[in-house]
Amino acid sequence: LLGGVNVIEEPRRCHGFVGYLPDFFGLYDKLTVWQALSYFALAQEVPRREVGLRVTRVLEAVDLFGKARERVGGLSRGMRQRMALAQAMIHDPPILLLDEPASGLDPEARKSLSDLLVSLNAEGKTILVSSHILAELDEYATDLLIIRNGRLVANLEEEDAAVARTIHVGILSAGDGVVERARGLAGVTRVELSGKRLTLGFSGQEEDYPALLSALLSAQIPVVSFYEERGGVQEQYLKTMNHLKKGA
């Protein structure tokens with residue numbers, strides 16, 4: 001289902017509220033940027049009176065407004081990528097499916113893309129990004145789905161409950177028995193001491209952190225800082241896959 005519509009029973013109805021950017025996309029090189037986007041807007045049944053305003057907004061969003069009168073065939077690799085994204089966005093769809101959207105973009109353009117996706121998501125759009133370069137998703141990804149052979153094998157939020165979190169606890173002093181006292185607390189799966197920092201493996205959830213902190217203090221562990229280690233998308237992926245392999 002997409003937006004409550006069955007994609008098998010009503011595939012064409014779904015086109016209106018989905019924007020798709022494939023990894024290998026096609027552009028109309030002989031048209032100007034403005035002409036090409038106007039054509040796509042009309043093909044997506046944007047009312048003719050709204051086309052000009054819609055094209056302007058999308059070009060500004062992907063930073064191509066200054067190229068509006070140039071032919072698409074003369075755009076650089078990075079600009080062509082942004083042009084393809086503009087085509088996917090032209091009808092203002094609530095859902096965007098993006099396959100390797102940062103392919104071919106330089107670091108500055110990747111940052112602009114990241115900012116744009118964060119902005120679109122804040123406006124209420126659902127964005128599904130497929131990528132093999134996981135590190136580039138760190139700035140905007142909120143959920144991680146792992147798909148193998150066409151099947152969903154992991155949802156980070158669902159799997160996360162079974163994957164121990166890493167908590168760093170700064171302490172005032174590392175007195176005798178600190179490690180043993182921390183190791184005996186509920187939910188603590190491992191304890192490591194390095195200088196004035198305890199590193200804990202914790203099987204609970206975020207809502208259990210107050211209880212964990214309270215338990216540390218009750219165990220007379222002199223806590224001065226408490227925070228969760230949050231790895232990037234790649235680290236989270238590797239952690240989840242390692243957990244799945246162990247459970248296989």
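Here, residue 1 is the first one in the sequence, and each next residue gets the next number.
- Taken together through direct or relayed side-chain contacts under 4.5 Å among Ile, Leu, Val, Met, Phe, Trp and Tyr, Val224 and Leu200 form parts of separate hydrophobic clusters.
- Judged purely by atom type and a 3.5 angstrom limit, Thr56 uses its side chain to pair as donor or acceptor with the backbone of Gly52.
- Within 6.0 Å of CZ in Phe17 there are more than 12 heavy atoms belonging to other residues, nucleotides or ligands.
- Under the rule for a ring-ring contact (aromatic ring centres under 6.0 Å, His included), Phe40 has no partner lying at least two apart in sequence or in another chain.
- Within 6.0 Å of OH on Tyr140 lie more than 12 heavy atoms contributed by other residues, nucleotides or ligands.
- Heavy atoms from other residues, nucleotides or ligands lying under 6.0 Å from CD of Gln220 number 12 at most.
- Salt-bridge formation is not detected for the pair Asp106/Arg77: no Lys NZ or Arg NE/NH1/NH2 atom is positioned less than 4.0 Å from an Asp or Glu carboxylate oxygen.
- Taking the side chain as every heavy atom from C-beta outward, Ser119 and Glu123 approach each other to under 4.5 Å.
- Environment of CZ in Arg190: crowded, with over 12 heavy atoms of neighbouring residues, nucleotides or ligands closer than 6.0 Å.
- Using a distance-only test at 3.5 Å, with no hydrogens or angles considered, no donor-acceptor pair links the side chain of Arg80 to the main chain of Leu75.
- More than 12 heavy atoms of other residues, nucleotides or ligands sit less than 6.0 Å from atom CD of Glu180.
- At a threshold of 4.5 Å between side-chain heavy atoms, the hydrophobic network of Ile, Leu, Val, Met, Phe, Trp and Tyr places Val179 and Val188 in one connected group.
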**Item:** Stepwise side chain to side chain donor-acceptor pair (under 3.5 Å) test for His132 and Glu100
**Value:** CA-CA 8 Å; His132 292 86; Glu100 307 286 355; 2.8 Å; yes
**Request:** Could you go through the side-chain contact (heavy atoms from CB on, under 4.5 Å) check for Gln87 and Leu37 one step at a time?
**Result:** CA-CA 6 Å; Gln87 290 180 170; Leu37 288 180; 3.8 Å; yes
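- By the 4.5 Å heavy-atom criterion applied to side chains, His168 and Leu198 are not counted as neighbours.
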**Message:** Working note: Val55 + Val33, criterion side-chain contact (heavy atoms from CB on, under 4.5 Å); need CA distance, chi angles, decisive distance, verdict.
**Reply:** CA-CA 9 Å; Val55 171; Val33 168; over 6 Å; no
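- A side-chain donor-acceptor contact under 3.5 Å links Asp208 to the backbone of Gln205.
- Other residues, nucleotides and ligands contribute at most 12 non-hydrogen atoms within 6.0 Å of the CD1 atom of Ile8.
- Nearest approach of Val58 to Met89, heavy atoms of both residues: CG2-O, 4.1 Å.
- The side-chain heavy atoms of Ile171 and Leu193, taken from C-beta on, include a pair separated by under 4.5 Å.
- With hydrogens and angles ignored, the 3.5 Å screen pairs no side-chain donor or acceptor of Thr189 with any backbone N or O of Ser203.
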